[in-house]
Undergrad: 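One structure, pasted below without further comment.
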Amino acid sequence: MIPSSAFSLSMTLQCGQCFRFFEENGVFLGVANGRLLKIEQTDRFIRFFDMTQEEFQAVWANYFDCATDYDALHTLFSNDQTLCSAIEKTGGIRVLRQDGFETLISFLISQNNNIPRITKSINLLCERFGSRIAPDTFAFPDAKTLASASLSDFSGLSLGYRDRYLLDAAQKVSSGEIDLSKLYTCPIEEARQTLRTICGVGPKVAECVLLYGFARLSCVPMDTWMKKVMARYYQAGLPEEILPYAGIAQQYLFHYARCFDTF
DNA sequence: CCCCAGGGTAGGG
DNA sequence: CCCTACCATGGG
């Protein structure tokens with residue numbers, strides 16, 4: 001269990017950073033790290049169902065980024081007026097530490113797309129190519145499996161023109177042409193450059209992959225909503241002192257603009 | 001019919 | 001460097 005202060009499970013799982021959780025009577029079910037996760041938020045705690053302390057420490061503490069002091073970040077961010085307002089509504093969001101390859105594929109699908117359709121495509125992709133880990137539950141497929149597919153194998157997943165992007169990404173990772181493990185710590189510009197050799201990875205998708213998949217917290221995905229926020233509130237850029245954690249600030253501002261502000 | 005969706009690419013100035 | 005048309009697909 002995790003204390004609930006400054007932690008909103010529903011916002012964290014539904015703010016558009018991950019796509020494999022759904023809510024049923026207040027309980028969230030989903031798949032990450034090749035495991036089925038059942039989890040709920042009570043008044044004071046986040047409760048993990050069917051979970052040993054060992055598994056929580058080995059897998060999920062990292063996934064939910066329990067080591068980061070979000071209260072300290074809120075204090076830092078609150079010096080800024082707009083972020084202060086955003087945090088009032090969205091401060092329970094945590095930036096998840098997701099699998100790098102899954103994040104890469106997921107945000108290739110996200111381009112010029114909407115969240116319900118992204119979710120649908122990803123679930124269909126897992127059903128077709130992922131290993132079955134429980135009834136009607138499938139893990140995210142690995143790079144080798146996707147790389148061995150052909151374009152026609154992707155039909156019916158509502159990927160549109162993005163099918164060849166997935167294949168290119170899977171082949172570059174599977175062949176070793178791209179070593180994703182380097183992206184955690186290599187210089188950030190090198191990480192961006194590496195990802196952008198993949199067809200369909202531009203500036204925005206690269207930032208998403210690095211932030212959500214490789215814990216590069218300085219990365220700021222500039223989607224249509226964040227562009228509106230920047231134009232309206234930050235024409236001179238984000239405050240200097242938050243830049244090392246700008247990705248987390250971005251998550252608050254993105255969700256604030258999308259769900260609470262009127263643009 | 002239009003527009004938009006967590007954009008990127010190719011092609012032309 | 002900039003700008004624009006186009007890219008599949010579904011929902012409003």
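A note on names: the letters A, B, ... follow the listed sequences, proteins ahead of strands, and every chain is numbered from 1. Everything numeric in this text was worked out from a predicted model, so none of it was measured.
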Undergrad: Could you check whether A:Y212 gets within reach of a base, just the sugar-phosphate, or nothing at all, counting any heavy atom under 4.0 Å?
TA: base
Undergrad: Please measure how far the P atom in B:dG6 lies from the corresponding atom in C:dT4, and state the result in whole Å.
TA: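 B:dG6 and C:dT4 have their P atoms separated by 24 Å.
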Undergrad: Figure out the CD1/C1' separation between A:I118 and C:dA8, and round it to whole Å.
TA: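 Checked: the CD1 to C1' distance equals 14 Å.
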Undergrad: Tell me whether A:E190 is salt-bridged to A:K182, with the criterion being a basic N under 4.0 Å from an acidic carboxylate O.
TA: no
Undergrad: Do the side chain of A:E207 and the base of B:dG6 come within less than 3.5 angstrom through a donor-acceptor pair of N or O atoms?
TA: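 No, no donor-acceptor pair under 3.5 Å.
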Undergrad: When you compare the side chains of A:Y212 and A:E207, does any donor N or O come within less than 3.5 Å of an acceptor on the partner?
TA: no
Undergrad: Write down the distance separating the P atoms in B:dC2 and C:dA5, rounded off to the nearest Å.
TA: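 Roughly 14 Å separates the two P atoms.
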Undergrad: Can A:F107 be said to stack with the base of B:dG6, given centres closer than 5.5 angstrom and planes under 30 degrees apart?
TA: no
Undergrad: Should the pair A:D65-A:R97 be classified as a salt bridge under the 4.0 Å nitrogen-to-oxygen rule?
TA: yes
Undergrad: Using a 4.0 Å heavy-atom cut-off across all strands, classify A:G16 as base, sugar-phosphate, or nothing.
TA: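 Touches a base.
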Undergrad: Would you mind reading off the distance between A:L166 atom CG and C:dA8 atom P, rounded to a whole angstrom?
TA: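 Going from CG in A:L166 over to P in C:dA8 covers 15 Å.
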Undergrad: Is there a donor N/O on one and an acceptor N/O on the other, under 3.5 Å, for the side chain of A:Q251 and the base of B:dG6?
TA: yes
Undergrad: What is the separation between atom CG on A:D163 and atom C1' on B:dG8, rounded to the nearest whole Å?
TA: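 Atom-to-atom, A:D163 to B:dG8, this comes out as 14 Å.
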Undergrad: Considering only atom C1', compute the distance from C:dC2 to B:dA5 and round it to an integer number of Å.
TA: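 Roughly 25 Å separates the two C1' atoms.
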Undergrad: Between A:T145 and A:D142, is there a side-chain donor-acceptor contact under 3.5 Å, judged purely by atom types and distance?
TA: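 On atom types as modelled, these side chains qualify, holding a pair under 3.5 Å.
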Undergrad: Between B:dG8 and C:dG11, how many Å separate the two P atoms, rounded to a whole number?
TA: 24 Å
Undergrad: Do the side chain of A:Y161 and the base of B:dG8 come within less than 3.5 angstrom through a donor-acceptor pair of N or O atoms?
TA: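 Answer no: no donor N or O sits under 3.5 Å from an acceptor.
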Undergrad: Below 4.0 angstrom from OP1 or OP2 of C:dG10, is there any side-chain N or O of A:S158?
TA: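 Answer yes for this pair, as a side-chain N or O of A:S158 is under 4.0 Å from OP1 or OP2.
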Undergrad: Only pairs with both distances under 3.5 Å count, Watson-Crick or wobble alike; so what is the partner of B:dG6 in this structure?
TA: none
